[in-house]
Visitor: 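Could you have a look at this structure, given as structure tokens, before my questions?
Residue numbers start from 1 in every chain, and the chains themselves are labelled A, B, ... in the order their sequence lines are given, proteins ahead of strands. This structure is a prediction, so every number in the text was calculated from the model and none was measured.
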Amino acid sequence: MKQYNHSKIEKYWQKEWAKKKIYKTLSSQEARRKTLRRQGYAGRELKPFYVLDMFPYPSGAGLHVGHPRGYIGSDVCARMKRMQGYNVLHPMGYDAFGLPAEQYAIEHKVHPREAVKRNVATFEKQLSMIGLSYDWSRKINTSDPDYYKWTQWIFLKLHNHYYDEKLQKARSISELIKKFEKENKEWEKLSPLEKQDHLMKYRLAYEGEAEVNWCPGLGTVLANDEVKEGQDGHLISERGGFPVEKIKIKQWFLRITAYADRLLSGLEELKWSLHLKEIQKNWIGRSEGAEIEFKLVARSQPLGAIKVFTTRADTLFGATYLVLSPEHAIIPKLKIENIKEVENYINQAKHKTAEERTRVEKDPSTGSGQAKTGVELKGVKAINPGNGEEIPIWISDYVLADYGTGAIMAVPAHDERDFAFAKKYNLPIREVIVNYDIDGMGWAPKAGKKFSTYRGVSAVIFNKKNDTVLCLRWAPQGWGTFVTGKLDPNENNFKEVARREIYEETGYKNLKLIYEQKNPYFTTYYHDGKDENRFTEMHRLFFELMDEEKDEISDEEKSKHEIVWVARKDIQKFITASYDQEIVEKVINGTFMEKSCFACHGILVDSKQFTGMTSEEARKKITDFVGGQIVTKYKMRDAVFARQRYWGEPIPLWRDKEGIIHEVKKLPLKLPNVKSYEPTGKAEGPLAGVKSWVAKGYETNTMPGWAGSSWYYLRYMDPKNKKELAGKKEIEYWQQVDIYVGGTEHATGHLLYARFWNKFLHDLEITPTEEPFKELHNQGMIIASDGRRMSKRWGNVVNPDDIVKTYGADTLRVYEMFMGPFTDSIAWSTESIIGPRRFLEKVWRVAQRLQINTDKKLINTDKIGENQSRNQSKSVDFSVEKLLHKTIKKVTEDIEAMRFNTAISSMMIFVNALDAEHTRKDAQIDIGNWVLFLKLLAPFAPHIAEELYNEQLITNNKKSLRKSAASIHEQEWPKWNPKLIIDETVKIAVQVNGKVRAEIEILADINEGEVREIALANENIKKWVEDKEVKKFIYVKNKLVNIVI
RNA sequence: GCCCGGGUGGCGUAAUUGGUAGCCGCGAUCGACUUAAGAUCGAUUGCCGUAAGGCAUGCGAGUUCGAGUCUCGCCCCGGGCACCA
């Protein structure tokens, strides 16, 4: 018996595959021309499928065992898709510009270019051992001039485009200039420099001022991840611990905020994890609100105005003061009585670090909430445009300068922070929103009427059969309500009361409680019929009507109201009351919950003509009334597109002596060679030290690390194209990335920027789709067995080379896919890897035995891939074949869903069954079926599968087999036979009162009556049931029965 | 603080989405082979109990004939955001 020598076969086949170029991706033309000569696919055109890994940056650290996990996962997908007859694009390349390479270079005193070369070599050596099916001929490198030429090209496009808000699309800046020339007479009079400045406000790549982390101690500007917080809350450098200060310098920006809305709405169509979408959603942080102007007065004399941004314009009448950020531009222009105090405060704020400013402190007076500091601007007041009242103006650093308008209207009654602030400084609090009940006779309380209290239950009853809700129509007013009932003062059994009320008012008897709202719902309203204001406490319960059984209700009840089943969608029309659509929706869906101590949604009180309106309604109307504007704001800011570094793409612009910016005509603008790429001691990049460079007026900043990675997926489609970033035909053919695999750490960086660039390129009609990555999977981290990250620092790194050496690449691959769900982070265990290794050895052993027995009885196939119907040979065990087809189904579906761990588990089950068969009665599988199994194994363990496949063909010496035996990886993926995965008999559990008491075997799909007979005849069951009456008999088809006695 | 995920044997995990909890793998115990060890093969392996049976999916309730799965509250763990009006 031949031994399983993993090293030998892995090395052999890796060479063979490279020689035969079996992973070569076809161009769109080749694919169209070439019809597959493979069995089963003759005459059919290859469909494209794009599987992409996030490309690495060559940091020089070397791989640990966690790095390949994502690559293996995507490789499994790519391999299956290839076998399914797709033209698979599965490339690899390097994100070579940026900090990691530069840092390595500085540390090792080599040129970054050299550093990249070295690190790429190490990376490829390590990666090549794992047997990944990349088409290396498409390799790219972002620091290659042939590549960054196009990064620069895109930058220039961004520079000469602006965002047309109306068309929601990027347009050429020349269009905008034309528009200015036509519409604006002043335009002509502007100097070229002034024109340039004005256009900067529109360009998608523009120059502006931005803060950088300036570290005088190191004489360089630091990236955010090179900076950490010191013990006193001040910023210090990660390296050396020198103090870091924020200074503002001119830098290039990309106007990503123009695409904020599209970036947000685009998320919907993406098959990404909820988690990741959530992160991007938060990051974009869209909120819709209104900008409202507050006029200013000093001793009742008007003087200018302040604009505030609010999402709650409906609470305007509750705005009792304004708060400005300390940086607000209007402050120096005002005559303030306590100017000293104010300046002091502003100065303090300026010197606080971001951390100090945002530190959450407990309020000593209340023990909770946040104690904010602030100063009143004395001598100036604002006019509340709603009610005309004069209100004070404060400054406080809890208001951010760069969000909204840098000023807010404070509504302490309905906002927690405003509330805390008002409490601290004794500012007035006015409540303008009250809760209301949707099925109360909801009108705002009337002044002068007496208040009574009311405790009750409200029951929402669903009829799932026709999707209706039980409602009552009350005479004589015709009010529509849910079933309600009053509680006696000390009554607390809401369930019982609700059931009682339902019975009295409707007569229905059989109801199932679905949900009971935990907290009572307090509402205040005016009761028309009783002519009084009511303060109510309602307890809401949700029921499902089980059957129509009901008793007659009393005539008295009948005369009061009529029972109406209202279709769920019509509920809002039926229920009488002013209501909030959203709340009704939540109430009938049973997800309503109230938590806040402040009313958030309700009806307005104390708000003049808006009193009685719902919040939603009033929001628009009040905004209109005070001449405000509906606006949308985003948390996301424009992206700084410049680093004060050497190792990056030069910005392809130059400035003449007059300061006019010109585009570099001939791309690429190559990064000059420099002697020293180390920091210069100035807040500029090392390029500032290159005289010839500066003399030509070039930028001394370079592009950030994420520039090249924002479009690299397009370059793979056509990596050698000299004329375009990628050929039109190729982009049209591949469309977008079908499956993208990478870590979750790029959620707000790379993944957002790439989406932005793709949308921009889509506007330029370069990319056919809005989104670059249709489906995204985040592989989980592999952590060390000590629970920490693998790192040289902890000395807990497991090197993949060692694992490949002792266990083999196939074992490594199977183990990494088997250890747990692909997205979960899991601890590495070299102890457990023996499991997958034993599995592969078992496969090997089974194959060896199979060959011994093969001539005796097992061969019954001449063609691979066609032996999918039941084999006629009597010696073949059908149960094995059935199991195989179940396995085919499971593995195919699992790979599709990235559930690799369960796919492997099912293959283990299959091999275990086979192995048991072998030892007991001789081999019971024919060659054809065995090959089907090897194909399932091939994406996970490509080397052993290839070896056994070929060995099988040679041993059997079948000419037809050998002819087609190019490689198992080029064979057709197995299909399962639906007939073979159905069982004739099933074992079902028999429960008595929900406890399993017996297991019976029945023919599949027999009817309930038959099952009942068999179940009740069972000895065990008889013992439990005895002579008790069977109250209920539940049969879940082919699963279980439950006998209720 | 807010928003997402999670919590199942000694360990990594599985469970057709409301239907027999613990598949597969590791480890452990016993046995076979071996002079021996290892490898391999076989058996056992959630807990209590000789058994019948009982108890078990972070804790506590609820809905249901039936809950790991649904609802509510609480406790942990991981991640994201963190004065965004």
Visitor: How would you label the contact of A/L1040 with the nucleic acid (heavy atoms, under 4.0 Å): base, sugar-phosphate, or nothing?
Guide: base
Visitor: Among B/A21, B/G27, B/C41, find the nucleotide with the atom closest to the side chain of A/V996.
Guide: B/A21
Visitor: In whole Å, I'd like the distance from the CD atom of A/E831 to the C1' atom of B/A28.
Guide: 11 Å
Visitor: Side chain of A/S905, heavy atoms from C-beta onward: which of B/C24, B/A85, B/G54 has the nearest atom to it?
Guide: B/C24
Visitor: Considering every strand and a 4.0 Å limit on heavy-atom distances, what is the contact class for A/D418: base, sugar-phosphate, or nothing?
Guide: nothing
Visitor: Are A/Q280 and A/L751 packed together at the side-chain level, in the sense that at least one heavy-atom pair is separated by less than 4.5 angstrom?
Guide: yes
Visitor: Check nucleotides 7-11 of chain B against the protein and report each pair of N or O atoms closer than 3.5 Å, with its distance, or say if there are none.
Guide:
none

Visitor: For a quick check of understanding: with a heavy-atom distance under 4.0 Å over all strands, which category does A/T310 fall into, base, sugar-phosphate or nothing?
Guide: sugar-phosphate
Visitor: Could you go through nucleotides 78-80 of chain B and list every protein N or O atom that sits under 3.5 Å from one of its N or O atoms, giving the distance for each pair?
Guide:
unit_1, atom_1, unit_2, atom_2, d
B/G79, O2', A/H275, NE2, 3.3

Visitor: Between B/G12, B/U16, B/C24, which one does the side chain of A/K1039 approach most closely?
Guide: B/U16
Visitor: Should A/R845 be listed as having a side-chain N or O under 4.0 Å from OP1 or OP2 of B/C41?
Guide: yes
Visitor: Side chain of A/K995 only, heavy atoms from C-beta on: which candidate in B/U40, B/G54, B/G25 is closest?
Guide: B/G54
Visitor: Any idea if B/G9 is syn or anti, going by the 90°-from-0 cut?
Guide: syn
Visitor: Less than 3.5 Å apart, which donor and acceptor atoms pair up between the side chains of residues 1037-1045 of chain A and the rest of the protein, not counting sequence neighbours?
Guide:
unit_1, atom_1, unit_2, atom_2, d
A/N1038, OD1, A/D1005, N, 3.1
A/N1038, ND2, A/D1005, OD1, 3.0
A/N1042, OD1, A/G994, N, 3.0

Visitor: So which nucleotide from B/G53, B/G25, B/A14 ends up closest to the side chain of A/K1023?
Guide: B/G53
Visitor: Between A/I783 and A/W828, is a side chain to side chain contact (heavy atoms under 4.5 Å, CB included) present by the stated rule, with each step listed?
Guide: CA-CA 6 Å; A/I783 46 181; A/W828 176 265; over 6 Å; no
Visitor: What is the distance from CG of A/N778 to C1' of B/C4, rounded to the nearest Å?
Guide: 14 Å
Visitor: Counting only side-chain nitrogens and oxygens, does A/Y815 get under 4.0 Å of the OP1 or OP2 atom of B/G25?
Guide: no
Visitor: Distance check needed: B/C24 C1' versus A/L914 CG, whole Å only.
Guide: 17 Å
Visitor: Whole angstroms only, please: what is the CD1-P distance between A/I904 and B/C26?
Guide: 13 Å
Visitor: Between B/C84 and A/R637, is there an OP1 or OP2 to side-chain N/O distance shorter than 4.0 Å?
Guide: no
Visitor: Are A/R997 and B/G54 close enough that a side-chain N or O sits under 4.0 Å from OP1 or OP2?
Guide: yes
Visitor: Has A/K886 got more than 12 heavy atoms of other residues, nucleotides or ligands less than 6.0 Å from its NZ?
Guide: yes
Visitor: Between A/E841 and A/R837, does at least one N-O distance fall below 4.0 Å, as a salt bridge requires?
Guide: yes
Visitor: Under 4.0 Å between a side-chain nitrogen and a carboxylate oxygen: does that hold for A/E1029 and A/K1031?
Guide: no
Visitor: Measure the distance from CE on A/M781 to C1' on B/G12 and round it to the nearest whole Å.
Guide: 16 Å
Visitor: For nucleotides 63-70 of chain B, just jot down a letter per nucleotide in 5' to 3' order: B, S or -, based on protein non-hydrogen atoms under 4.0 Å.
Guide: SSBS----
Visitor: State the dot-bracket string of RNA chain B. Criteria: Watson-Crick or G-U wobble, both atom distances under 3.5 angstrom; notation: ( ) intrastrand, [ ] crossing earlier pairs, | interstrand, . unpaired.
Guide: (((((((..(((......[....)))((((((.......))))))(((....)))..(((((..]....))))))))))))....
Visitor: Do A/K635 and A/D402 meet the salt-bridge criterion of a basic N to acidic O distance under 4.0 Å?
Guide: no
Visitor: Would you check if there is a donor-acceptor pair between the side chains of A/T823 and A/N778 at a distance under 3.5 Å?
Guide: no
Visitor: Using whole Å, what does the distance between atom P of nucleotide B/U20 and atom OH of A/Y1035 come to?
Guide: 14 Å
Visitor: Please report the distance separating the C1' of B/C81 from the corresponding atom of B/C11, rounded so that it comes out in whole Å.
Guide: 34 Å
Visitor: In this structure, how many angstroms lie between the P atom of B/A85 and the CG atom of A/D402, rounded?
Guide: 13 Å
Visitor: With a 4.0 Å cut-off on heavy atoms, is A/K633 in touch with a base, just the backbone sugar-phosphate, or nothing at all?
Guide: nothing
Visitor: Would you tabulate the side-chain donor-acceptor contacts of residues 898-910 of chain A under 3.5 Å, counting partners in other chains and residues two or more places apart, or write 'none'?
Guide:
unit_1, atom_1, unit_2, atom_2, d
A/R899, NE, A/D894, OD1, 3.0
A/R899, NH2, A/D894, OD1, 3.0
A/T902, OG1, A/D894, OD2, 2.8
A/T902, OG1, A/R899, O, 3.1
A/S906, OG, A/A903, O, 2.8

Visitor: List the steps, then state whether side chain to side chain contact (heavy atoms under 4.5 Å, CB included) holds for A/K882 with A/I981.
Guide: CA-CA 6 Å; A/K882 281 173 87 89; A/I981 59 174; over 6 Å; no
Visitor: Let's see if you can work this out: which of B/G25, B/U20, B/A85 has an atom nearest to the side-chain heavy atoms of A/N912?
Guide: B/G25
Visitor: Mind telling me whether B/U34 is syn or anti, cutoff 90° either side of 0?
Guide: anti
Visitor: So, OP1 or OP2 of B/A14: does either fall under 4.0 Å of a side-chain N or O from A/N901?
Guide: yes
Visitor: Which one, B/G25, B/C55, B/U20, comes nearest to the side chain of A/P836?
Guide: B/G25
Visitor: Any side-chain N or O of A/R417 below 4.0 angstrom from OP1/OP2 of B/C84?
Guide: yes
Visitor: Taking the same atom, C1', in B/G62 and in B/A51, what whole-Å distance lies between them?
Guide: 36 Å
Visitor: May I ask you to say what A/I833 touches in the nucleic acid, namely base, sugar-phosphate or nothing, with a heavy-atom cut-off under 4.0 Å?
Guide: nothing
Visitor: The side chain of A/L274 is closest to which nucleotide in this list: B/G19, B/G54, B/G5?
Guide: B/G5
Visitor: Quantified in whole Å, what is the P atom distance between nucleotide B/C72 and nucleotide B/C77?
Guide: 23 Å
Visitor: Look at A/R899 and B/C24 and indicate whether a side-chain polar atom (N or O) is within less than 4.0 Å of OP1 or OP2.
Guide: no
Visitor: Mind checking whether A/W394 and A/Y425 have parallel, tilted or perpendicular rings, split at 30° and 60°?
Guide: tilted
